[in-house]
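Note that the structure is predicted; figures quoted are calculated from it, not measured. Letters go in sequence order (proteins before strands), and every chain restarts at 1.
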Number of protein chains: 2
Amino acid sequence: MAIEEKTEITESEWEVMRVVWTLEKATSKDIIHVLQEKKDWKPATAKTFIGRLVKKGILNTEPKGNKYIYSAAISEEDSVKSVTDRLFDQICSKAVGKTIADMIAEATLSYKDIELLETALEKKKDEAVDEVACNCVPGQCKCRENHNMNC
Amino acid sequence: MAIEEKTEITESEWEVMRVVWTLEKATSKDIIHVLQEKKDWKPATAKTFIGRLVKKGILNTEPKGNKYIYSAAISEEDSVKSVTDRLFDQICSKAVGKTIADMIAEATLSYKDIELLETALEKKKDEAVDEVACNCVPGQCKCRENHNMNC
DNA sequence: AAAAATCGATTACAGTTGTAAACTTAAGTC
DNA sequence: GACTTAAGTTTACAACTGTAATCGATTTTT
């Protein structure tokens, strides 16, 4: 396999990608327009992020006349995965359960989503553990008493 | 209520906070030591982040001799909440369900966590919708056909 | 054809972040 | 009491980010 470059997408660049993921193919005008509405960005600002994404190889360009049609070089799923992975690296593994529960409580979910979640949860039951270890202070965790995210 | 200042905690600062949240009270030596082990940071690096967190008012200091005992000025729960809020601002609302399901699939969960999640999910069933709208391209969503995170 | 608009590329620039050394002062040690 | 050590403070500095203006080359409009 080829050498995998790290594809860091910043928060602002994400906004551009969301548009492209949604439209699948977009001109700069499309992108600029959406983000002018949605984020109140100046056209120049959107252009900057488009340019950076192209340079990073996260946006593909297909020439059309003297302009480009832009499309995503990496999938939304994969990118979301990267973001959530980072999130769970960041927070205490002991807090993960409660965090997910909070997310469910706040999310807008479809029937299909609920099913999806039920299935996922069902699958998890087999491999549940008694207590998740805190990974914030490796080796010398004092979580038993303190650190009461989820104990 | 008082004016709420935005408490942006960077990823590296988080590592410091994790230690403090876990230990509840910590000396700089504690923090430096843990992060030297865990992240291979030079003491000076940890010191920088401690200093920045103090300046931001995220770490409290309590003098002890000529040094300080540090403690968290904001709770882990609240901070985790901020991070997940930002996550869900970032990703398409249509993708939220599947994203949570993926997180469940990957997480290490305790029995208690599973219960927590079941309860949260059960509560959600009443208010499930037919289809979650994409919020990436407001007003002109073409998600029906494309953008197949979760359709 | 001249003028105006557009698109992509280049440049700008301040604030944030990661990473750390150096400095200052106080405290413990020999 | 001189020396070493440790803690907190100051300074450094490059890369990354957000935010945009400007420029150069075309294309469209009048």
Undergrad: Looking at OH of B:Tyr70 and CD1 of B:Ile31, how far apart are the two atoms once the value is rounded to the nearest 0.5 Å?
TA: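 It is 7.0 Å, given to the nearest 0.5 Å.
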Undergrad: Which heavy atom of B:Lys124 sits nearest to which heavy atom of A:Ala107, and what is that distance?
TA: NZ-O, 2.8 Å
Undergrad: Distance alone, cut at 3.5 Å: any donor-acceptor contact between the side chains of B:Asp30 and B:Thr27?
TA: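 Yes - a donor-acceptor pair under 3.5 Å links their side chains.
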Undergrad: Only one of B:Asp85, B:Thr84, B:Asp78 clears side-chain hydrogen bond (donor to acceptor under 3.5 Å, both in side chains) with B:Lys81; which?
TA: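 The single option meeting the side-chain hydrogen bond (donor to acceptor under 3.5 Å, both in side chains) with B:Lys81 is B:Asp85.
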Undergrad: Output yes when a side-chain donor or acceptor of B:Asn135 lies under 3.5 Å from a complementary backbone atom of B:Ser93, and no otherwise.
TA: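 It does hold such a pair.
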Undergrad: Send over the distance from B:Lys55 NZ to C:dT16 P, rounded to a whole Å.
TA: 11 Å
Undergrad: Going from SG on B:Cys136 to CD on A:Glu15, what distance comes out if it is rounded to the nearest 0.5 angstrom?
TA: 8.0 Å
Undergrad: Give the first and the last nucleotide of DNA chain D, reading 5' to 3', that has any atom under 4.0 Å from a heavy atom of chain A.
TA: D:dT17 to D:dT27
Undergrad: Using rotation axes that map the C1' atoms of four end pairs onto the next four (five pairs an end), what angle separates the end axes of the helix from C:dA1-D:dT30 to C:dC30-D:dG1, to 10°?
TA: 10°
Undergrad: Output, in order, the C-alpha distance, side-chain angles, deciding distance and verdict of side chain to side chain contact (heavy atoms under 4.5 Å, CB included) for B:Glu131 and A:Lys112.
TA: CA-CA 8 Å; B:Glu131 190 179 359; A:Lys112 216 164 180 178; over 6 Å; no
Undergrad: Send over the distance from A:Gln36 CD to C:dT6 C1', rounded to a whole Å.
TA: 14 Å
Undergrad: When every nucleotide of nucleotides 18-23 of chain C is labelled 5' to 3' by its protein contacts under 4.0 Å (heavy atoms), B for base, S for sugar-phosphate only, - for none, what sequence of letters results?
TA: BBBB--
Undergrad: Please figure out whether A:Ile9 or B:Ile50 has its closest DNA chain D nucleotide nearer the 5' end.
TA: B:Ile50
Undergrad: Ignoring hydrogens and angles, tell me if any N or O in the side chain of A:Lys56 forms a donor-acceptor pair with the backbone of A:Glu8 under 3.5 Å.
TA: yes
Undergrad: Is the backbone of A:Ser75 close enough, under 3.5 Å, to the side chain of A:Ser79 for a donor and an acceptor to pair up by distance?
TA: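 Flag set: sc A:Ser79 to bb A:Ser75 pair under 3.5 Å.
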Undergrad: Run the side chain to side chain donor-acceptor pair (under 3.5 Å) test on B:Asp113 and B:Ser110 for me, step by step, so that the C-alpha distance in whole Å, both residues' side-chain angles and the decisive distance to 0.1 Å come before the verdict.
TA: CA-CA 5 Å; B:Asp113 289 330; B:Ser110 70; 3.1 Å; yes
